Amino acid sequence: MSEAAPTAPQDETPHRYTARSANEIELRWQDRWAREDTFRQPNPGEPGFDAARPKRYVLDMFPYPSGAGLHVGHPEGYTATDIFSRYWRMRGCNVLHPMGWDAFGLPAEQYAVQTGVHPSVTTRKAIDTFRRQLSRFGFSYDWSREFGTIDPGYYRWTQWIWLQAYHAWFDPDLGKARPIAELAERMARKDAAIPTGAGTRKWSQCPEVERKRWLDGKRLAYIGEQTVNWCPKLGTVLANEEVIDGRSERGGHPVLRLPLRQWMFRITAFADRLIEDLRLVDWPASTRTMQEEWIGRSEGAEIRFELLREPDAPARPRWTVTLARIEEALSGGDAEFLEMVAAKAREQGGSAVEVTLGGRRVGSREIGMLLTLSGRVRPNGGRVHVVDADEDVREMLAIAKVDSLLLDGGVRDELAVFTTRPDTLFGATYMVVAPEHPLVERLLANPAAATDVTALRAYVELARNRSDVDRQADAKVKTGVFTGMYARNPATGEAIPVWTADYVLMGYGTGAIMAVPAHDQRDFEFATLFGLRIRQVVEVPGEPWTGERATAGEGTALRSANADLSLDGLPTAEAKRRMVEWLASRGLGRRTVNYRLRDWLFSRQRYWGEPFPVVFDRDGNHWPVADRNLPVTLPELADFAPIESDVPVPPLGKARAWVETTAGEAGVSAALLPPETPVRRETNTMPNWAGSCWYYLRFCDPRNGESFIGSDAERYWLGEAGVDLYIGGAEHATLHLLYARFWHKMLFDLGLVSSPEPFRKLFHQGMILSYAYQRDDGTLAAADAVETRPDGSVVEVATGKPVTQVVAKMSKTLKNVVNPDEIIADYGADTFRLYEMYMGPLEAAKPWNTRDIVGPFRFLQRLWRLAIDERSGAILLAARSDPAIEKLLHRTIHKVGEAVERLSFNTAIAAMIELVNAATRPTGMTDPTQGGLNRDQLGRLLKILSPFAPHVAEEIWHRLGNVTALAHEAWPPHDPALLVDDEIEIPVQVAGKLKARIKVPAKADAAEIERRAVADPAVAAALAGKPVRKAIVVPGRMVNLVI
RNA sequence: GCCGGUGUGGCGGAACUGGCAGACGCGACGGAUUCAAAAUCCGUUGUCCCUGAUAAGGACGUGCAGGUUCGAUUCCUGUCACCGGCACCA
């Protein structure tokens, strides 16, 4: 530090801690840390790595570098992780504390479109700005590990991981992801049959392309046709998680629904584990709950209703059994059941077994073969009605070598529904299908007698063109039309009408419901509006049936009996069980679990994202790019704007020369396709979540060119439980945090990572808000449009009307955005860090108040003055150690360490302020020969302060003559004996009211304390001679005398 | 509507398992320094009452109304307000 300039002789305190000197100190230390690689953390196997130390992986949610630069919200979480990292480093840990950039994505592209500058240019510039701004805070990141998701060396592995999913399937038997080669091998071994365009074929007899198509449908990354969220304004489709209240998460534009073939991730296969494994992690309860609710597991039953084209169609007779049930019996050796099937078949008396599959009648021979497969059952008559036609059955029939069946899977004469209340089946008086349900499409092509095609078509058109926003806005009023179709209620045998209405969603369950108006409010409203029958079948305690609204609670079944089933009098739980059993025994239903979670739509019609490493041949089959040919680099494109259209059109299609290529050029293995085969590249790109799904893995080994992560680094840093502390905003609860867990589980199943969960401890920092001013009408006025009157009231300048101060999000329009650069210029980064950590609990939302910053700034000035004479710059040290100060120092060391471990930084700082206040002599700094702390004490104080205010701590530390970096000093020990006093002051209450404080030895027992309490004059006065009826004495705590 | 969270001085907040409510900081007020101001430093500061004032004393006080307890900011019931999430999920 320079001596006082001769031009300013009037300054008597040239060595004061000021904004200017803080900035000078901070830049100097940042420069030195960078030069000396102070925070570089070697990996296992590298020189300088100490395997004896425990590890801590402390991670921030890496930022999305926007053109606007850093916001005061960013450094909040970053300072917290930095304190935590510096603390554990001092406690002797190897600390992985990295930083990088989440740089692909919509906002960068929108900004580029606005400015006309290519996103790679604007994004690089934004990254440089962010890096410069972040560096100014003195965070102890290991910058040698920095990368951006847009680096080809990184997204190469993003594409590679996607290919791992592409090359995997979910094995339901193991409940985990496995390489799809295992499935192919299994099919070949069993020579199982699969459905093909020309009927069911044995694996060995299938053309290769048919096998491939079948396998393609099993992949974890697959192309699926789904009703997707289409946002015309953004020009792209969005995942469910990115749609909030029918609007896009980014920009708030309306979203429509559109059936589309897109790349999907089979996240639903992991639904149960994504819920279950939340037990393994230490996460905020609110976030766990949000994930659980988002996944939305719900137990119930699937029930199949026979569809009728006219209400008085003859009832399907007979007795039914599913092939799945037969298979179960066969494999389980359930001879009793199989005998019963045979007996039923005989009893029904027909001459042949009738098999109906997918609405088509097939011969008896095949089912006979199936039933006799075990050699134990020999049905010789009767009719067995097979209602299942799902994949299980197809595979079953394939196993039974029934390969002559025609399985088109198309026309069905059943309507399946999901319900959580199978016990109310007797009360189902109509059915509803979603307007997008295939049944509606079918009826429009082939109407039933009662179908009003015009009305039906009009309704479906209307529903299709209504955005989710409109649907929700109109949710109060139910709409719908009768389809002309009927269904048979299997419990009552009645034919009930099938309606279509948009209150039933195609995306949940089967897209169809059985309506029980008496016990579901939505059904009740619909039934009332359209005059449909309402039949009460449950008596709900506390909710008497009035006929004015539905009673949705559980209770006792009534009016629920037919010829061979009675639920009457049963409680709901038991009634559910009995009903499902009854349905199952007839092949009409089964217990099932349904999820709200849907498969993850992974395609985006945007330019600024990772290309998919996959191409299409002329027949539309997709082929993967070989690993060794990654990355598939994003082509340079001058016109990268999204294409405005009524349907999604990926802008990458404009890169003609890139899109139209050959298999060899695109890097597809010659073993899959001859190199000269003409192919089209996939033109959709991945969503910005792709890069953030695994960046925490790459930080462990960012320069590995052979693998996405080296296994030594992975095992060391992620270990059994993943990242040790992960801090970021709560807004990612059902986005990034769900997606990353899903990717991690896939990688875990495939043996590529060793922990089942990626983030052991998660913490959300609260949002930093700002003040705004509210007018009487509730609207907000900008911060620069109001003034404070001398009397303290605040008025709007333009109108002179009073406004009230409220807390609101920072926004440009409210003119209350705080720029971190300016705050650092005015106070320094150490003060900024202290202020943000001192504002309140890390997790709480709290208002920024620039006025309060002087508090932490004065604290640092006081600390400075405690150590350094402001006039001479000389070090001030106490000659001796004051025992009271020594004791307080021990307590502070203990308190700060413990507070850091539970992320209670505000109380840690308060403790250090108390210590500094106590050590500062009340007379102020008038005597330069004496300070309040001796060299050793000051050193210890600087150590515990250094995680919070590293620059000023390091500066004073070195001025004391130390040469090593404070950052790697050991955390000072504290003597537990000094944490307790010999004599303590405890309160004495009389009848619960505080009357006195007495001093007692800390070790005094209850009797001793009571004796002293009663002897106290103030207590004696309060007792006024009355006898003490009861004395409650908590040694070391308090005394309460009851009179 | 359902789920979760939060309500403490003028303001941000503290009080870890039921035991001295308001630590620490801001602001305000008074003082020091200064020609003056800013900055800085020192002191006082929950509200009300009593007393001429001080010392001292008293009452009230953790959104509101109850409850449990010797004792409740902390536990329970009800209720209000605000914030966040989900929302026709069958």
Side-chain angles (χ1 to χ4, degrees), chain A residues 13 16 18 244-246 284-290 292-294 296 298 300 417-421 424 432 471-472 474-476 478 501-505 507-516 519-523 525-526 552 594-596 730-731 733-734 767 769 771 792 805-807 834-835 838-841 843-849 851-856 858-859 861-862 865 870 895 898-899 902 904 906-907 909-914 917 920 922-926 985-994 996-997 1018 1029-1032 1034 1036-1043:
Chain A
T13 55
R16 172 168 289 194
T18 61
I244 296 163
D245 293 338
S286 56
T287 303
R288 294 156 55 131
T289 305
M290 277 168 68
E292 274 169 24
E293 288 177 356
W294 185 263
S298 117
V417 302
F418 172 75
T419 177
T420 53
R421 292 296 298 273
T424 61
V432 187
R471 278 200 187 194
Q472 281 165 18
D474 302 346
K476 299 272 181 288
K478 298 272 181 295
D502 67 3
Y503 82 91
V504 171
L505 310 174
Y508 186 77
T510 61
I513 62 157
M514 65 178 210
V516 184
H519 305 295
D520 182 289
Q521 188 56 27
R522 295 156 301 184
D523 297 344
E525 286 164 19
F526 192 83
N594 201 28
Y595 298 93
R596 215 186 74 116
E731 67 274 15
T734 52
M767 194 183 295
L769 306 169
Y771 289 113
Q805 192 183 59
V806 293
V807 169
L834 280 175
Y835 170 64
Y838 191 58
M839 288 170 80
E843 68 275 21
K846 42 212 173 263
W848 177 279
N849 194 350
R851 191 185 70 182
D852 289 346
I853 298 173
V854 289
R858 286 175 190 158
F859 162 60
Q861 285 187 318
R862 216 152 42 233
R865 211 161 42 237
E870 292 187 331
K895 219 186 247 180
E898 179 262 352
R902 53 186 178 92
S904 178
N906 52 333
T907 58
I909 294 168
M912 290 187 285
I913 293 175
E914 280 187 78
N917 287 350
T920 307
T923 48
M925 298 310 299
T926 50
E985 195 180 63
I986 62 168
V988 181
Q989 298 173 356
V990 177
K993 305 242 183 218
L994 179 70
R997 295 189 173 88
R1029 274 202 294 135
K1030 189 176 174 190
I1032 292 114
V1034 185
R1037 283 287 194 187
M1038 47 69 68
V1039 180
N1040 190 7
L1041 304 171
V1042 186
I1043 52 174

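Lettering follows sequence order; numbering is per chain, from 1. This is a predicted model, so every value here is computed, not measured.
Judged purely by atom type and a 3.5 angstrom limit, D523(A) uses its side chain to pair as donor or acceptor with the backbone of V516(A). In terms of modelled atom types and a separation under 3.5 Å, the side chain of Y835(A) and the main chain of W848(A) share no donor-acceptor contact. Judged purely by atom type and a 3.5 angstrom limit, R865(A) has no side-chain atom pairing as donor or acceptor with the backbone of T920(A).
Taking 4.0 Å as the cut-off between side-chain N and carboxylate O, R902(A) and E898(A) count as a salt-bridged pair.
Considering only the side chain of Y771(A), G12(B) comes nearest among A14(B), G12(B), A90(B). For I1032(A), the listed nucleotide lying nearest its side chain is C70(B); candidates were G13(B), G4(B), C70(B). Side-chain proximity of N1040(A) to the nucleotides G12(B), A21(B), G71(B) is greatest for G71(B). Here the nucleotide nearest the side chain of L505(A), chosen from A90(B), G85(B), A39(B), is A90(B). You'll find that the side chain of V1034(A) is closest to G19(B), out of C20(B), G19(B), U40(B).
The two residues L834(A) and F859(A) have their closest heavy-atom pair at CD1-CD2, 3.9 Å.
The distance from atom CG of L769(A) to atom C1' of C82(B) is 13 Å, rounded to the nearest whole Å. For M767(A) and C82(B), the CE to P distance is 19 Å, given to the nearest whole Å. When rounded to the nearest whole Å, the span between CZ of R288(A) and C1' of C3(B) equals 15 Å. Distance Y508(A) OH to A87(B) P: 13 Å, rounded to the nearest Å.
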Collect all protein-nucleotide pairs involving nucleotides 23-25 of chain B in which both atoms are nitrogen or oxygen and the distance is under 3.5 Å.
from: A23(B); atom 1: O2'; to: E914(A); atom 2: OE2; distance (Å): 3.2
from: C24(B); atom 1: O2'; to: Y838(A); atom 2: OH; distance (Å): 2.4
from: C24(B); atom 1: O2; to: Y838(A); atom 2: OH; distance (Å): 2.6
from: G25(B); atom 1: OP1; to: N917(A); atom 2: ND2; distance (Å): 3.0
from: G25(B); atom 1: O4'; to: Y838(A); atom 2: OH; distance (Å): 2.8

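The phosphate of U40(B) has neither OP1 nor OP2 within less than 4.0 Å of any side-chain N or O from R865(A). Side-chain N/O atoms of S298(A) include one lying less than 4.0 angstrom from OP1 or OP2 on A90(B).
Base orientation for G9(B): syn, the chi torsion being within 90° of 0.
If you check every strand for non-hydrogen atoms under 4.0 Å, R1037(A) touches sugar and phosphate atoms only. Contact annotation for Q521(A): no contact, since no heavy-atom pair falls under 4.0 Å across all strands.
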